[in-house]
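Report on one structure; see the data block that follows.
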Protein chains: 2
Amino acid sequence: MTIYESIKRSILHGEFPPKMRLTEEFLAKKLETSRTPIREALKQLESEGLTVSMKRGVRVRHFTKKDIQQIYDLRTLLEGYAASQAATHRTEADLENMRLANDSYEKAIDNYIKTGETTIENILDINHQFHNAVINASQNPHIYSHITKVVVVPLIFRSFYWFNEEQLRHSLEAHKTLLKAIEEQDMERARVAMHEHIYHGRDEVLKQMDTIDEQYSPAKELQ
Amino acid sequence: MTIYESIKRSILHGEFPPKMRLTEEFLAKKLETSRTPIREALKQLESEGLTVSMKRGVRVRHFTKKDIQQIYDLRTLLEGYAASQAATHRTEADLENMRLANDSYEKAIDNYIKTGETTIENILDINHQFHNAVINASQNPHIYSHITKVVVVPLIFRSFYWFNEEQLRHSLEAHKTLLKAIEEQDMERARVAMHEHIYHGRDEVLKQMDTIDEQYSPAKELQ
DNA sequence: GGTTGAAAGTTTGTATACAAACTGTTAGCA
DNA sequence: TGCTAACAGTTTGTATACAAACTTTCAACC
């Protein structure tokens, strides 16, 4: 795991909460390296929007509810576009990838509901794989960096997520609808399917943000 | 001018042509600084997509015609969205900004055509100001970083641009149509206006890329 | 002649020292 | 008591030395 990934992980898992100040020396000591590689990682994180730098120093970025809404809107736009492009440009290999990812997804969800062995982390991971497969099928590599930037933000609240059976089944259905539209090369249906799928996720996240707002806000007082 | 801006400028102006290798020491000597700040600037440029790093070292990115097409498509999508959002969310101050930028634009074009005093650089700059005003009016600050990333790429070919009177007048008309749609809060018309405006620009750039393909390709042999 | 391998030469990656800039605290003064 | 100025402490910015990794070159061998 690179230094960049390690810091990112700490932010996404809530170990470094929003507004926490990240001094170079602290990170250098923690990751047992010098300040130079830390700086590079921090620059990268900033360009991804996970941190903000003030006149002096860097802090973990705080996202308001409005931020989340707007970022999700962009994700909807971008992934919707990716889906519509995938519908026209997908190859046989792309279809195979998407099918495989979706089969894994179905199995993971089944397993989660029936035995509880599969973790939520695992399900999120496979879901991510499917989305990546769609982006890949769009044959536009430039979309990728834009989407990673908007996808990563809601993950900050990942630790708060809570899924019920119905949500997961609903998500699986959405994937299937989307896959079908892409198979049939129906651009507009693919776009709409992706759009609604993500928009639904947006609503869930925002709903859950209301619940966690109190335990989340005290971070303001950090350092 | 920061180090980052200076290197960016050199790339956009063709001083550092595509595929040219950028060694840290070379840049450090040229900009009379040490390697440390150079590295930071290079990291930033890479995240913006202007350079690529291989196993060893960094090169100025080469964009194929396909790249330009795909990046322009993304720009169309993003700025189209920004325009539609601007139509709903713009304040009076936003409208004022857009009007001012557009008046400057009209004056600059007139001046360019009649006296030739205004430079193309200047016109591009003011055009840029208008587009920024629209993005600003969308009230979604997150769009901004995405758009700068897709806007900067075609600028690499800025030095090759050639504008005739008709193109400039056409562009001005497009701005006026867009502004009117935003004033009247017509989201869809604003989106379409922006979409067509940029798409028209895309065609021009691609057409001109055909012409310059030969003098542009020899860069392959650089270092 | 072509291929492989070792050595020399570049260039980057990391650590660290030092300078510069900012922050906060305290003492002096009104 | 409240304000200001200076000083101490902390943290970042820059330069540079050294180690590690990659490239190129040249020679020896097949």
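First the proteins, then the strands, lettered A, B, ... as listed; each starts at 1. Source: prediction; values computed, not measured.
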Give me the distances for all protein-to-nucleotides 15-20 of chain D N/O pairs that come in under 3.5 Å?
| residue | atom | partner | partner atom | Å |
| --- | --- | --- | --- | --- |
| dA15(D) | OP2 | Thr33(B) | OG1 | 2.7 |
| dA15(D) | OP2 | Ser34(B) | N | 2.6 |
| dA15(D) | OP2 | Ser34(B) | OG | 2.8 |
| dA15(D) | N7 | Thr36(B) | OG1 | 2.7 |
| dT16(D) | O4 | Thr36(B) | OG1 | 3.4 |

Report the distance from atom CZ of Arg59(B) to atom P of dT23(D), rounded to the nearest whole Å. 10 Å
Using atom CG of Leu27(A) as one end and atom P of dT11(D) as the other, report the distance to the nearest whole Å. 12 Å
Restricting to ring pair (Phe, Tyr, Trp, His ring centres under 6.0 Å), what partner residues turn up for His142(A), sequence neighbours left out? none
Whole-Å distance between dT14(D) C1' and Glu40(A) CD? 14 Å
List for me each residue that meets side chain to side chain contact (heavy atoms under 4.5 Å, CB included) alongside Ala174(B), sequence neighbours excluded, and say none if there are none. His197(B)
Protein-nucleotide distance (Lys29(A), atom NZ; dT10(D), atom P), rounded to Å: 12 Å
Lys55(A) or Ile3(A), whichever maps to the more 5' nucleotide of DNA chain C: Ile3(A)
For Ile38(B) and dT11(C), what is the distance between atoms CD1 and P respectively, to the nearest whole Å? 15 Å
Round to the nearest Å and state the distance from Phe26(B) atom CZ to dT10(C) atom P. 17 Å
Taking ring pair (Phe, Tyr, Trp, His ring centres under 6.0 Å) as the test, write out the residues that go with His89(B), two or more places apart. none
State which residues pass ring pair (Phe, Tyr, Trp, His ring centres under 6.0 Å) with His128(A); sequence neighbours excluded, sorted by chain then number. none
How many Å lie between CG on Leu22(A) and C1' on dT11(D), as a whole number? 13 Å
Who are the ring pair (Phe, Tyr, Trp, His ring centres under 6.0 Å) partners of Tyr105(B), not counting sequence neighbours? His175(B)
Under a 4.0 Å threshold between the charged nitrogen and the carboxylate oxygen, would Arg99(A) count as salt-bridged to Glu96(A)? yes
Starting at atom CD of Glu25(A), determine the distance to atom C1' of dT12(D), rounded to an integer number of angstrom. 10 Å
